[in-house]
Trainee: 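Dropping the structure in here first, questions after.
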Amino acid sequence: MVFTAMRNMLFLILSMVFILSSCAAQSSFHVNKVIAHRGAWKAQGLPQNSLASLREAIRLGCEGSEFDVWMTADDILVVNHDHDLQGLDIEISTYEELLAKTLPNGEKIPTLKEYLAEGMKQQGTKLILEFKPSRISVERSEKVGEMAVKTVQELGAEKWVDYITFSYEGGKKSHRNRSQCQCGLPERRQIPCRAQDRRFFLVLITISEF
């Protein structure tokens with residue numbers, strides 16, 4: 001009986017250690033409310049949304065690094081802020097055509113998979129994925145949201161990634177693809193009838209320059 005009690009106590013202790021370890025793993029990301037917008041690019045003169053700007057945000061210990069996702073004409077998700085890359089409209093260009101362009105630091109435009117893979121090498125900085133509204137159609141906006149979430153799932157990157165978007169339709173599609181997906185709708189695009197939509201949370205953004 002004493003042996004059984006000791007065994008049960010040991011099991012309880014080991015269970016608590018496992019739970020605490022799991023909680024520690026989940027809370028290992030920095031909490032300082034500093035989000036690098038398009039990565040930490042300004043001080044070092046790095047290209048925005050480049051892998052180098054992501055690495056710098058990680059080095060600085062930012063809570064998150066925001067980046068922007070577009071879909072090419074051949075349905076490849078790539079990371080870039082503007083709708084064009086050095087004069088090439090991303091939505092009507094193939095990925096191969098985009099590879100003809102080089103970022104100022106020698107990098108090529110990263111795919112979403114490449115960007116996520118780089119971010120998953122650490123566990124301090126969250127990846128804030130903004131999928132851009134299509135300039136072509138609502139259907140493309142929905143597809144970008146759906147594909148972005150599927151890509152995150154395929155790589156097992158869920159714990160690293162939070163989502164934001166200015167596309168209400170794309171946000172709905174991403175949420176439908178995964179019920180646990182947290183998607184922020186930035187304040188300046190919030191409208192009263194959508195404010196009650198529990199699939200979204202409101203993102204308040206304050207911008208400071210370093």
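Just so it is clear, the model here is predicted, and its values are computed rather than measured.
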Trainee: For G119 and L54, work out which heavy atoms get closest and say how close.
Mentor: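 The answer is N-CD2, 3.9 Å.
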
Trainee: For K108, does the NZ atom have more than 12 heavy-atom neighbours from other residues, nucleotides or ligands under 6.0 Å away?
Mentor: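 Yes, the 6.0 Å shell around NZ holds more than 12 heavy atoms from other groups.
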
Trainee: Taking D74 for its side chain and E96 for its backbone only, find out whether a donor-acceptor pair lies under 3.5 Å.
Mentor: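 Such a contact is absent between D74 side chain and E96 backbone.
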
Trainee: Within this structure, what is the CG-OH distance for the pair L127 and Y163, rounded to the nearest 0.5 Å?
Mentor: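 L127 atom CG to Y163 atom OH measures 10.0 Å (nearest 0.5 Å).
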
Trainee: Looking at K132 and E130, is there a salt bridge between them, counting it only when a charged N and a carboxylate O are closer than 4.0 Å?
Mentor: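 K132 and E130: salt-bridged.
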
Trainee: What heavy-atom pair brings S50 and P47 nearest, and what distance separates the two atoms?
Mentor: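 For S50 versus P47, the nearest heavy atoms are OG-O, 2.7 Å.
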
Trainee: Hey, mind stepping through T72 and E91 against side chain to side chain donor-acceptor pair (under 3.5 Å) and telling me if it holds?
Mentor: CA-CA 5 Å; T72 65; E91 292 199 86; over 6 Å; no

Trainee: Could you go through Q122 and W160, starting from their C-alpha distance and side-chain angles, then the distance that decides it, and tell me whether this counts as side chain to side chain contact (heavy atoms under 4.5 Å, CB included)?
Mentor: CA-CA 9 Å; Q122 52 81 49; W160 280 270; 3.9 Å; yes

Trainee: Are I35 and I128 side-chain neighbours, meaning at least one heavy-atom pair lies under 4.5 Å?
Mentor: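 Yes, side chains in contact.
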
Trainee: Treating R55 as the side-chain partner and E118 as the backbone partner, does any N or O pair qualify as donor plus acceptor under 3.5 Å?
Mentor: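 Answer holds: no.
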
Trainee: Does any non-hydrogen side-chain atom of I76 lie less than 4.5 Å from one of M71?
Mentor: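 No - every pair of side-chain heavy atoms lies 4.5 Å or more apart.
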
Trainee: Which atom pair, heavy atoms only, marks the closest approach of E97 to L88?
Mentor: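 Heavy atoms of E97 and L88 come nearest at O-CD1, 3.5 Å.
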
Trainee: For D84, is there any backbone N or O sitting under 3.5 Å from a side-chain donor or acceptor partner on N80?
Mentor: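 Checked: pair present.
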
Trainee: Whether K143 and E146 form a salt bridge (side-chain N of Lys/Arg under 4.0 Å from carboxylate O of Asp/Glu) is what I want to check.
Mentor: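 The answer is no: the pair does not qualify as a salt bridge.
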
Trainee: Mind running side chain to side chain contact (heavy atoms under 4.5 Å, CB included) on L129 and L112 for me, showing each step along the way?
Mentor: CA-CA 9 Å; L129 191 164; L112 175 58; 3.8 Å; yes

Trainee: Side chain to side chain donor-acceptor pair (under 3.5 Å), that's the test. Do N49 and D68 meet it? Break it down for me.
Mentor: CA-CA 7 Å; N49 274 322; D68 308 280; 2.9 Å; yes

Trainee: Any side-chain heavy atom of K150 within less than 4.5 Å of one from M147?
Mentor: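 No, too far: nothing below the 4.5 Å cut-off.
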
Trainee: How far does CD1 of I90 sit from CG of D82, to the nearest 0.5 angstrom?
Mentor: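 Interatomic distance, I90 CD1 to D82 CG, rounded to 0.5 Å: 8.0 Å.
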
Trainee: Side-chain contact, heavy-atom cut-off 4.5 Å: F67 with V69?
Mentor: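 SC-SC contact between F67 and V69 confirmed.
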
Trainee: With no hydrogens and no angle check, is any side-chain donor or acceptor of Q44 less than 3.5 Å from a backbone partner on W41?
Mentor: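 Checked: no pair found.
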
Trainee: Report yes if some heavy atom in the side chain of W70 is under 4.5 Å from a heavy atom in the side chain of R135; otherwise report no.
Mentor: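 W70 vs R135: side chains touch.
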
Trainee: What verdict does the side chain to side chain contact (heavy atoms under 4.5 Å, CB included) test give for V161 and L116, after you've listed the backbone C-alpha separation in whole Å, the side-chain angles of each residue and the deciding distance to 0.1 Å?
Mentor: CA-CA 9 Å; V161 176; L116 292 174; 3.8 Å; yes

Trainee: Looking at side-chain heavy atoms only, is the closest gap between L51 and E107 below 4.5 Å?
Mentor: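 A side-chain contact exists here, since the closest heavy-atom pair is under 4.5 Å.
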
Trainee: Look only at the side chain of S141 and the backbone of S167, and say whether a donor-acceptor pair between them is shorter than 3.5 Å.
Mentor: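 The answer is no, because no donor-acceptor pair under 3.5 Å joins these two groups.
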
Trainee: From T94 OG1 over to D75 CG, what is the distance, rounded to the nearest 0.5 angstrom?
Mentor: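 If I round to the nearest 0.5 Å, the distance is 11.5 Å.
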
Trainee: Please find the pair of heavy atoms, one from A157 and one from M120, that lie closest to each other, and give the distance.
Mentor: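 Minimum heavy-atom contact is CB-SD, 3.5 Å.
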
Trainee: Might you work through the side chain to side chain contact (heavy atoms under 4.5 Å, CB included) test for L85 and L103, ending with a clear yes or no?
Mentor: CA-CA 9 Å; L85 176 67; L103 302 182; 4.0 Å; yes

Trainee: Pairing donors with acceptors under 3.5 angstrom, does anything connect the side chains of Q123 and K159?
Mentor: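 On atom types as modelled, these side chains qualify, holding a pair under 3.5 Å.
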
Trainee: Where is the tightest heavy-atom contact between T125 and S65, given as atom of each residue plus distance?
Mentor: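 Shortest heavy-atom contact: CG2-N, 3.7 Å.
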
Trainee: Does a salt bridge link E66 with R38, judged by any charged N lying under 4.0 Å from a carboxylate O?
Mentor: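 R38 and E66: not salt-bridged.
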
Trainee: Does one hydrophobic cluster hold both L60 and Y115, with members joined at side-chain heavy-atom distances below 4.5 Å?
Mentor: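 The answer is no; the residues belong to distinct hydrophobic clusters.
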
Trainee: If you apply the rule salt bridge (Lys or Arg N to Asp or Glu O under 4.0 Å), what do you find for E63 with K126, and how did you get there?
Mentor: CA-CA 6 Å; E63 179 172 338; K126 296 277 284 188; over 6 Å; no

Trainee: Hydrophobic clusters here meaning ILVMFWY residues chained together by side-chain heavy-atom distances under 4.5 Å, can you tell me if L155 and V79 are in one?
Mentor: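 Cluster IDs for L155 and V79 match.
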
